[in-house]
Structures are given as C-alpha cells and as structure tokens.
Amino acid sequence: MAKEELIEMHGKVTEVLPDGRYRVTLDNEHNLIAYAGGKLKKNHIRIIAGDEVTLEMSPYDLSKGRITFRHLPARTGPAPTPAPRRY
C-alpha cells in the first residue's frame with residue numbers, strides 16, 4: 001500500500017492510554033485508538049487530553065490511526081512581560 005492512499009482526518013484526544021496510545025474522537029464523532037508518529041516521538045512532543053490533532057488512517061482498518069500533528073491552541077492577549085532582573 002502506497003503512502004498516498006492514507007486517509008487524513010482531524011480529531012480531539014479524549015483520553016491518554018497506557019503504552020503511548022491515545023483515544024481520539026474524530027470530527028464526525030467516530031472513536032478510534034491512535035499512537036504518536038515518529039517525528040512526535042523523536043522531538044518529545046507531549047500530547048494531552050483535549051489536544052486537537054491531525055491523524056492518518058489506513059482505508060483497511062478505520063479503528064486505528066497515527067497522530068502526525070498536534071495543533072496549538074490560539075493565543076489570546078498580549079505576551080507576558082518578563083520580571084525585572086535583580087542584581
């Protein structure tokens with residue numbers, strides 16, 4: 001199976017499971033089990049419950065997926081000002 005045949009979906013992590021797996025609810029309310037892809041593991045990107053993620057699924061097994069990207073929440077308000085240094 002070629003890499004181009006993967007299905008890309010968006011979802012939300014609902015639960016962190018043991019052994020590096022996650023329960024994800026897709027935008028169409030379908031639940032599945034997913035694991036973090038290679039670059040996420042390599043760069044130690046943490047995924048917690050409530051994160052919006054993009055994942056890849058095989059058309060042959062729609063109950064499992066691979067998380068490929070973690071979307072950052074939108075920032076609101078100005079950046080915090082650093083505390084003054086004391087010498």
Side-chain angles (χ1 to χ4, degrees):
M1 182 171 129
K3 195 171 188 176
E4 296 83 37
E5 297 176 23
L6 296 175
I7 301 168
E8 189 169 291
M9 300 288 288
H10 296 279
K12 188 172 190 175
V13 176
T14 55
E15 185 180 359
V16 178
L17 301 172
D19 200 27
R21 302 207 181 260
Y22 306 91
R23 187 175 311 278
V24 178
T25 302
L26 300 179
D27 292 340
N28 61 3
E29 302 300 321
H30 182 75
N31 290 321
L32 55 94
I33 303 294
Y35 65 94
K39 292 280 185 175
L40 293 172
K41 281 185 188 176
K42 178 183 173 191
N43 295 315
H44 303 290
I45 296 175
R46 294 179 190 255
I47 301 172
I48 58 175
D51 283 346
E52 297 287 332
V53 294
T54 300
L55 51 99
E56 296 176 340
M57 298 176 355
S58 168
Y60 300 110
D61 188 5
L62 298 176
S63 65
K64 296 178 186 157
R66 176 186 319 120
I67 297 174
T68 57
F69 191 79
R70 176 180 161 247
H71 299 279
L72 294 175
R75 295 183 183 181
T76 59
T81 57
R85 290 186 162 197
R86 294 184 182 182
Y87 295 100

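Numbers here simply count residues along the sequence, with the first being 1.
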Separation of Y35 OH from I67 CD1 (nearest 0.5 Å):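 Nearest 0.5 Å value for the CD1-OH distance: 10.0 Å.
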Distance in Å, D27 CG paired with H10 NE2, rounded so as to fall on 0.5 Å steps: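 NE2 of H10 is found 7.0 Å from CG of D27.
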Connected via hydrophobic side-chain network under 4.5 Å: L32 and L17: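 As far as the 4.5 Å side-chain criterion goes, L17 and L32 are not connected within one cluster.
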Any donor-acceptor N/O pair, T14 side chain to R23 backbone, under 3.5 Å: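 The answer is yes, because a donor-acceptor pair under 3.5 Å joins these two groups.
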Sidechain-backbone polar pair: N28 side chain, H30 backbone, donor-acceptor under 3.5 Å: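 Yes; at least one donor-acceptor contact below 3.5 Å.
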ILVMFWY cluster, I7 and L26 together (side-chain gap under 4.5 Å):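 Shared cluster, yes.
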Between CD1 on residue I45 and CZ on residue R70, distance to nearest 0.5 Å: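 Between I45 CD1 and R70 CZ, I get 7.5 Å after rounding to 0.5 Å.
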Minimum-distance pair of heavy atoms, taken over all atoms of A34 and V24: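 Answer, listing the atom of A34 first, then V24: CB-CG2, 3.9 Å.
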Straight-line distance of L62 CG to M57 CE, nearest 0.5 Å: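 Reported value, rounded in 0.5 Å steps: 4.5 Å.
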Path from I33 to I47 over hydrophobic side-chain contacts below 4.5 Å: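 In one cluster with I33: I47, no.
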Distance (rounded to the nearest 0.5 Å) between F69 CZ and E8 CD: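 Atom-to-atom, F69:CZ and E8:CD are 10.5 Å apart.
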Spacing of CG belonging to L55 relative to CG belonging to L6, to within rounding of 0.5 Å: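 Answer rounded to 0.5 Å: 11.0 Å.
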